[in-house]
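A quick write-up on the structure given underneath.
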Amino acid sequence: MEAKDRIILALDVDTQEQALNLVKMLTPYVGAFKVGMQLYNSCGPSIVNRINDLGGRVFVDLKLHDIPNTVAAAGRVLTRLNCFMFNVHAAGGREMMSRLADEVSDEAARMGIEAPLILAVTVLTSISQRELEEEMLISGMEIRELVVRWAVMARQSGISGVVCSPQEIGYIRSVCGPGFVIVTPGIRPSWSEKDDQKRITTPRQALEMGADYMVIGRPITKADNPVEAAQKIIAELEEV
Ligand code: C5P
């Protein structure tokens with residue numbers, strides 16, 4: 001994979017105009033654009049078509065979590081939208097994930113297109129051990145162990161990979177193997193602001209830890225020159 005293809009630019013903006021300006025500027029320098037609930041709920045699913053029309057691939061970050069039938073139906077629709085990847089909460093369980101994976105692959109085959117990658121979200125990085133135990137009522141397990149066990153369950157259910165924090169990459173890679181797709185946020189080049197990210201990793205470190213893709217937002221979008229920022233990250237990833 002080329003270095004630029006590893007970069008997924010987070011389009012954390014409200015309007016189609018802001019999003020498409022970033023897409024027009026950055027399509028040659030990144031592999032995909034992440035549309036999360038902010039932009040998707042503001043613009044609707046047509047934002048995916050608009051980005052595709054400009055030559056960009058789209059990661060639809062809506063973190064599906066519902067009964068198996070509903071999630072599988074949403075997955076079929078996202079497949080028809082021709083997104084590159086989308087995600088689902090592993091906490092929804094095996095049946096939800098395997099029905100989703102089966103129906104997405106059937107729908108893609110019916111359409112004669114490549115199936116989108118489906119990523120599992122395990123434990124959100126904002127959740128602490130205390131919240132896991134006292135609020136989610138999951139006890140007797142470290143977050144890291146739960147993350148790995150849900151990653152394994154996702155893989156067994158036909159899910160393509162996970163979104164996880166850089167700290168979890170090594171464990172997940174060693175248990176789930178080289179073919180499992182790992183996407184990681186929390187990336188900050190040494191020259192950029194940390195913003196509200198706490199445990200950060202440089203793009204180069206994330207690559208060396210075994211990430212396939214990295215989600216990067218503000219270090220590029222808020223840079224004085226976003227193209228130059230993306231080019232610097234590509235150069236860092238290409239260093240031998
Ligand atoms: O601007 P920044 O590079 O911090 O953007 C990171 C993106 O990755 C945001 O869209 C954020 O919601 C997402 N993300 C994250 N940390 C997680 C999961 C997702 O920063 N654990």
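Since this is a predicted model, take the numbers as computed values, not measurements. Whatever order the structure lists ligands and atoms in, that order sets their numbers, starting from 1.
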For this session: Select one of side chain, backbone, both or neither to describe which atoms of Ser165 lie under 4.0 Å from any atom of ligand 1, heavy atoms only.
Result: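 Contact part for Ser165 vs ligand 1: neither.
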
Exercise. Which of the atoms in ligand 1, numbered in the order shown and given with their element, are less than 4.0 Å from a heavy-atom of Val215?
Worked result: 7 (C), 8 (O)

For this session: Could you list the atoms of ligand 1 found under 4.0 angstrom from a heavy atom of Pro219?
Result: 3 (O)

For this session: Could you walk me through whether Asn52 and Asn82 pass the side chain to side chain donor-acceptor pair (under 3.5 Å) test, one step at a time?
Result: CA-CA 8 Å; Asn52 283 338; Asn82 216 350; 5.5 Å; no

Closest protein heavy atom (residue, atom, distance) for [atom]:
{"atom": "atom 2 (P) of ligand 1", "answer": "Arg188 NH2, 3.5 Å"}
{"atom": "atom 14 (N) of ligand 1", "answer": "Pro185 CB, 3.7 Å"}
{"atom": "atom 9 (C) of ligand 1", "answer": "Asp12 OD2, 3.2 Å"}
{"atom": "atom 21 (N) of ligand 1", "answer": "Thr125 OG1, 2.5 Å"}

Greater than 12 external heavy atoms within 6.0 Å of [X]'s [atom1]:
{"X": "Arg149", "atom1": "CZ", "result": "no"}
{"X": "Glu193", "atom1": "CD", "result": "no"}
{"X": "Glu133", "atom1": "CD", "result": "yes"}
{"X": "Arg199", "atom1": "CZ", "result": "no"}
{"X": "Arg173", "atom1": "CZ", "result": "yes"}
{"X": "Tyr171", "atom1": "OH", "result": "no"}

Problem set entry | Cys83 and Phe59, any side-chain heavy atoms less than 4.5 Å apart | no

Exercise. Quick one: does Asp195 get within less than 4.0 Å of ligand 1, heavy atoms only?
Worked result: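 Asp195: no contact with ligand 1 (<4.0 Å).
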
Exercise. Under a heavy-atom criterion of less than 4.0 Å, does Gly36 contact ligand 1?
Worked result: no

Exercise. Looking only at non-hydrogen atoms, which of Glu193, Gln197, Lys63, Glu168 approaches atom 20 (O) of ligand 1 most closely?
Worked result: Gln197

Problem set entry | From Gln38, Lys34, Arg199, Arg218 - option closest to atom 1 (O) of ligand 1 by heavy atom |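 Looking at heavy atoms only, the winner is Arg218.
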
Problem set entry | Polar proximity ligand 1 side, Asp196 side, N/O cut 3.5 Å exclusive | no

Exercise. Any nitrogen or oxygen of Gly217, main chain or side chain, under 3.5 Å from a nitrogen or oxygen of ligand 1?
Worked result: yes

Exercise. Aromatic rings Phe84 and Tyr213: how do their planes relate, parallel, tilted or perpendicular, breaks at 30° and 60°?
Worked result: perpendicular

